Amino acid sequence: MTVSYNLDVVETSFIGFLKLQLRWRGSIWKSVMRELILFSAAFAFITLVYRSNYVITPETRMIWDNFAALFDMKLDYIPLTFMLGFFVTIIVGRWNEIFNNIGWIDNAALVMSTYLRGSDQPSRMLRRNVVKYMVLTQVLVFRDISMQVRKRFPTLETVVAAGLMTEAEKQKYDEVNFRYNKHFMPIQWAYAILFEARQGGKLSADIMLNEIIKHITEFRTGLARLLNFDWVPIPLVYPQVVFLAVRSYFVLCLIARQSVLIDGEVPKDGNQFYPLVPFFMTALQFVFFVGWMKVAESLMNPLGEDDDDFECNFLIDRNLAMGMVIVDETYNSPPPQEKDAFWLANVDPLYSEETANKPKNPLIGSVAQVEPKTDEVVMMPHLDSEDHQAADNSFDYGDGQKLLPRGISVVSVNRVSDSKTSLNTRQKGFLETVRNRFTRDSSRLSRPNRLVMSRTSLNTPDGLHPPNNYPGSTCTSAIDIVDELAAISERRNTDNLSPEDFSPKSPTRRSPIGDTDTMMPSVPEEDEEHQRTRTSVDLAKWKRMQDEMLKDQNDKDK
């Protein structure tokens with residue numbers, strides 16, 4: 001009985017709007033038409049009485065106008081929008097929960113077809129009977145809560161006649177003298193034969209039995225929730241208040257909307273169409289509010305016989321047929337395994353000619369395509385670290401002086417095409433960046449709660465430089481560190497890099513355990529090693545360019 005209109009709204013257009021509005025089955029027009037006709041007839045009758053001089057006198061009409069204006073002013077005392085909105089929200093949430101628990105057999109049948117192996121007749125019978133017992137449970141539940149199913153299966157004999165229960169099963173069902181419902185019995189039968197299948201070796205592991213039982217339990221739990229929804233509906237007072245408020249509102253409108261006074265006065269230029277304006281606006285309001293109320297009325301019991309109620313009989317037939325096909329007809333019959341069409345090619349499925357030119361909106365982060373504006377990124381320590389963080393992240397070299405654990409690093413930006421800007425034209429900016437970062441005066445970093453990068457911390461008057469007791473150190477500035485890194489890179493590229501090159505001349509990590517005078521180089525991860533190699537190559541290239549520039553400058557000076 002569910003009305004489907006998705007094809008009419010496949011795209012937003014005025015034609016789609018007209019198709020949607022002109023539908024009759026399940027529409028607002030079908031819901032409110034009868035009551036709208038009654039309301040219009042009552043409004044027209046009261047209008048004839050109100051405007052007839054043979055029924056009431058002009059003095060009486062004036063009293064009527066006062067009452068009509070008073071009623072129209074006080075109609076807002078009925079909070080119609082709030083009451084209907086809140087009520088429909090609750091009803092729609094309840095309707096959604098009922099639909100989610102209505103019961104679908106697919107998952108249980110697929111799991112059972114996978115785990116419960118065997119093509120012999122006992123194995124097939126076992127799988128098919130479990131599916132039948134699940135559908136039988138659904139039928140027994142729906143017979144108690146759905147009028148559609150009750151009319152289809154008025155007695156258990158009709159269930160037997162439909163093939164969903166055998167005479168032996170009905171006799172077993174009737175033997176249990178129980179004052180409450182016996183919907184659990186088919187599920188219990190299914191559990192029993194599954195346990196016997198495990199004992200007989202049809203199921204090779206307990207976890208397979210548990211997985212099948214878990215899916216059957218989820219199916220049964222959903223049906224139990226449907227019984228609970230039917231057992232405890234929304235408290236009767238709530239729908240009574242809402243439905244009474246809507247109808248009372250429009251009964252009062254029969255009197256309040258008769259007058260055509262404007263600010264308490266008759267319009268200066270009388271017109272015979274003036275009385276139609278209050279009726280037209282009130283009729284529109286009637287369609288909107290009463291149609292809204294009809295939505296709540298039809299969704300209160302979605303297992304009934306309204307146009308938009310669930311197709312319970314179809315669901316039973318579908319579950320039975322689907323379950324039998326999964327566990328029997330299509331059991332253990334996968335297609336022959338072959339290489340897919342994208343085995344040696346990129347995964348790029350084809351489109352129809354109609355859809356090939358339509359743009360796609362791929363899943364890409366909003367800033368994923370933002371590229372750096374420069375061709376190199378200078379990585380260096382953060383200069384505003386807290387004292388305790390600096391103490392934790394720095395290394396002590398014996399005399400109480402500390403050095404940040406990581407030095408500067410120049411990272412080349414990988415681009416799709418080569419940059420037109422050479423390293424030679426960028427070296428001045430890079431040198432200025434390094435000098436500005438590491439030779440700033442101590443007054444800017446003299447706050448007591450900051451790590452002071454001054455002569456005390458860096459032990460050099462003109463730049464970054466390890467302490468004097470740093471073994472093997474020959475650097476006197478940040479530029480010297482860059483020079484040493486470039487030289488190491490050159491030797492490394494010619495396979496002449498010795499273990500001594502990993503001495504503390506380059507930024508290393510000290511072992512947190514053992515003698516403080518023993519140095520241990522850091523062991524970078526694979527991606528860090530790749531990054532460092534790429535950075536060293538860039539530094540070597542930059543160093544060679546710098547040497548060539550200095551050589552050219554010396555030649556010019558000579």
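Not measured: the values here are computed from a predicted model.
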Inset, instruction - Check whether any side-chain heavy atom of Tyr331 lies under 4.5 Å from a side-chain heavy atom of Arg124, and answer yes or no. - result: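 Tyr331 vs Arg124: side chains apart.
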Legend entry - Heavy-atom check, side chain of Leu315 versus side chain of Phe310, under 4.5 Å: no
Are the charged groups of [X] and [Y] less than 4.0 angstrom apart, N to O?
X      : Y      : value
Glu97  : Arg94  : no
Lys214 : Glu211 : yes
Lys202 : Asp120 : yes

Legend entry - Parallel, tilted or perpendicular, as decided by the 30° and 60° cut-offs, for the rings of Tyr238 and Phe86: tilted
Please give me the minimum heavy-atom distance between [X] and [Y], naming the atom from each residue.
X      : Y      : answer
Tyr133 : Ala190 : CD1-N, 3.9 Å
Ala109 : Val327 : O-CG1, 3.6 Å
Met322 : Asp106 : CG-OD2, 3.8 Å
Leu226 : Ile98  : CD2-O, 3.5 Å
Leu320 : Val131 : O-CG1, 4.4 Å

Donor-acceptor contact below 3.5 Å, side chain [X] vs main chain [Y]:
X      : Y      : result
Gln138 : Gly103 : yes
Asn96  : Val92  : no
Ser31  : Gly291 : no

Legend entry - Interatomic distance, Leu223 atom CG to Ile187 atom CD1 [nearest 0.5 angstrom]: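 One gets 7.5 Å once the value is rounded to the nearest 0.5 Å.
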Legend entry - Phe87 and Trp292 aromatic centres sub-6.0 Å: no
